[in-house]
Amino acid sequence: MMGNNREFICLSYDLIGNGEGLYASKLHVDPDKKPSPEENHLNGKSFIRFESITFRRPKESAEKKNEMQQKTGLVEAIIVEVKDREKIGGSYLHSAAICCTPDLSKEGSCNVGEVIIHQDPNYPYNPQRIQTFFEGKTEETTMLLQTVEINHTGMYYLYFMFCDPELMGTTISGRTVWRNPDGYLPGKMAPLMTYFGLMSLAYLGLGLVWFLWSVQYWKDIIQLQYHITAVIGLGMCEMALWYFEYANFNATGNRPMGITLWAVTFTAVKKTVSRLLLLVVSMGYGVVRPTLGGVILKVLLLGLTYFVFSEALGLVENLGNIDDLTGKARLFLVLPVSLLDACFIIWIFSALSQTLEKLQIRRSMAKFALYRKFTNSLAISVLLSIAWVGYELYFNAADPLSELWQRAWIIPAFWNLLAFVLLVVICSLWAPSNNPTRYAYSEETGDELEDEGISLTSSSVLLAGESANKQLERKERRASNADLFRLGEEVEEDKRE
């Protein structure tokens, strides 16, 4: 997060404080100028500021020091761009050669007790170090207010490090403020504010078109189309709330609890309702069957379970610090949601198979063609989802230090875009019209007569023609038999004469 209040327990010689992508400052930062309450003068500036950072070392360590000494312990705050991480210590950050030894000090390359930093003459301020000393036997020391300007775009990490073994167990508390030129949004999240703004307009446009359709054919609206309207409305609210949440975060540096809570809730509700809509459409609700019958309880139970886990995951991800979730912790939270998504997919395709089979048996070819298009669209979306999950796993595995942070926003953006496209497909397939019977439920015989009217008419004409031919043949046979009978009688009469 751009502004953090955190407390750490140091279990080793280095402790990461934060890490985030930052864009280069557009204006020069005056480190001696204190920020105003509104901080309007910070527009265009990118920096990391340390506010009220306090170090507290163990009591046993403090008692071993001489009270008359001014410097009895050193903690260094080191800011390093990820591409320059090898400039700290040896080849790697956690190598054994992190601290300067007396032998290295004799060579004049470092000072004893300090972290080794290999400075590039062309970039003497990267990595940067800020030193804070303990004095005498004091257990606590406070870091001076510092503002570090960021002049190069990159992924930056902050480490609190020390080389004195007696400082093991030191706790760190305080606040660091990370700011980009255009606001407090982290670099990997900044594009999402624009994205959510555009998605809000997209849902608004879809909602307007759907509203005009509904008004035009309001007498022919079916129950299923009301459910589609609800999903569009939820999507509009969701995108708008996320946009305002990000805009507020960008302006103040703090996530607005109320807006975030509503945004997470609307997201969970919309995802749940969208999946339930896909499921009931796949079951043929309103098309093949008028109600869901006893299966409605199972559908509602699955939907309620999905909402609970989706809401919990959203709250944990968005109401805590951005970098609080480790990979294992997030996997533990994502797993139930992923399993429930898999249950939805299996059930949806199973229901689609049964619905298509029923429509084929009834020879309801118009509805069969409609469901074939829906099935194909859903299958394509599932294949895209599987491919994107594979790409996401590859992206995270290939970029453990977030060096590709400028592209990270695409990962969550894809899922919202895919859901919107699928909703557009459903709207086009089940759009209001003056002929709702082409996908609305009616009695079985009515469906067959309606969908196969031309075929049945042709068959009736054919049957009528065959019946007329048979009757004509019978008449001709009867006439022939009557003529033969009369001829026989005439022959008998001639014999008698």
Side-chain angles (χ1 to χ4, degrees), residues 1-7 185-186 188-189 192-193 195-196 199 203 227 230-231 233-246 248-249 254-280 296-348 381-382 385-386 388-389 392-393 395-396 408-409 411-420 422-423:
M1 240 179 130
M2 293 293 102
N4 294 325
N5 287 288
R6 346 184 67 188
E7 183 169 327
L185 270 177
K188 60 186 177 182
M189 295 175 63
L192 287 173
M193 184 175 69
Y195 169 78
F196 283 126
M199 287 300 298
Y203 270 97
H227 297 169
V231 174
L234 288 171
M236 292 171 58
C237 294
E238 177 197 11
M239 293 298 108
L241 283 169
W242 279 119
Y243 173 77
F244 286 118
E245 198 266 354
Y246 274 55
N248 191 291
F249 186 7
N254 296 308
R255 306 198 78 162
M257 186 72 69
I259 299 178
T260 305
L261 181 61
W262 278 109
V264 169
T265 302
F266 266 90
T267 298
V269 171
K270 188 208 122 183
K271 289 171 66 177
T272 303
V273 174
S274 299
R275 282 155 178 75
L276 292 178
L277 175 63
L278 291 175
L279 184 56
V280 298
I296 186 64
L297 294 177
K298 295 180 181 179
V299 173
L300 293 177
L301 180 61
L302 179 61
L304 179 61
T305 306
Y306 184 85
F307 169 76
V308 171
F309 280 103
S310 181
E311 176 80 358
L313 177 60
L315 291 175
V316 172
E317 284 184 331
N318 293 282
L319 292 183
N321 285 330
I322 292 172
D323 54 351
D324 277 351
L325 288 179
T326 62
K328 292 182 179 179
R330 191 176 186 281
L331 179 63
F332 177 78
L333 294 169
V334 169
L335 189 59
V337 178
S338 301
L339 290 176
L340 290 170
D341 274 326
C343 291
F344 268 111
I345 292 173
I346 294 173
W347 198 353
I348 286 172
S381 68
V382 171
S385 299
I386 294 173
W388 193 256
V389 168
E392 186 174 351
L393 292 174
F395 184 88
N396 293 329
W409 69 274
I411 299 296
F414 170 82
W415 299 111
N416 287 310
L417 182 60
L418 181 63
F420 176 77
L422 192 57
L423 181 59

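These numbers were taken from a predicted model, which means no experiment stands behind them.
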Side chain to side chain contact (heavy atoms under 4.5 Å, CB included) between Trp242 and Phe266, intermediate numbers included
CA-CA 10 Å; Trp242 279 119; Phe266 266 90; over 6 Å; no
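- Of the possible polar contacts, one joining the Asn396 side chain to the Glu392 backbone as a donor-acceptor pair under 3.5 Å is found.
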In sequence, state the C-alpha distance, the side-chain angles, and the governing distance for Leu423 and Ser274, and then conclude on side chain to side chain contact (heavy atoms under 4.5 Å, CB included).
CA-CA 8 Å; Leu423 181 59; Ser274 299; over 6 Å; no
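- Taking the side chain to side chain donor-acceptor pair (under 3.5 Å) definition, one finds that Asp341 meets it with Arg275, Tyr306, sequence neighbours left out.
- Taking all atoms of both residues into account, the shortest heavy-atom contact from Leu302 to Cys343 is CD1-CB, 4.5 Å.
- The shortest distance between side-chain heavy atoms of Phe414 and Leu417 does not fall below 4.5 Å.
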Side-chain polar contacts of residues 233-240 - donor-acceptor pairs under 3.5 angstrom, sequence neighbours left out - could you list them?
{"from": "Glu238", "atom 1": "OE1", "to": "Lys270", "atom 2": "NZ", "distance (Å)": "3.3"}
{"from": "Glu238", "atom 1": "OE2", "to": "Thr267", "atom 2": "OG1", "distance (Å)": "3.1"}

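- Listed for the Tyr195 side chain is a donor-acceptor partner under 3.5 Å among the backbone atoms of Ala413.
- Other residues, nucleotides and ligands contribute at most 12 non-hydrogen atoms within 6.0 Å of the OH atom of Tyr243.
- Here the closest heavy-atom approach between residue Val269 and residue Phe307 is recorded as CG2-CE1, 3.5 Å.
- Closest non-hydrogen pair, Pro336 versus Phe309, comes out as CB-CD2, 3.6 Å.
- Here Glu311 pairs with Thr265 under the side chain to side chain donor-acceptor pair (under 3.5 Å) rule; sequence neighbours left out.
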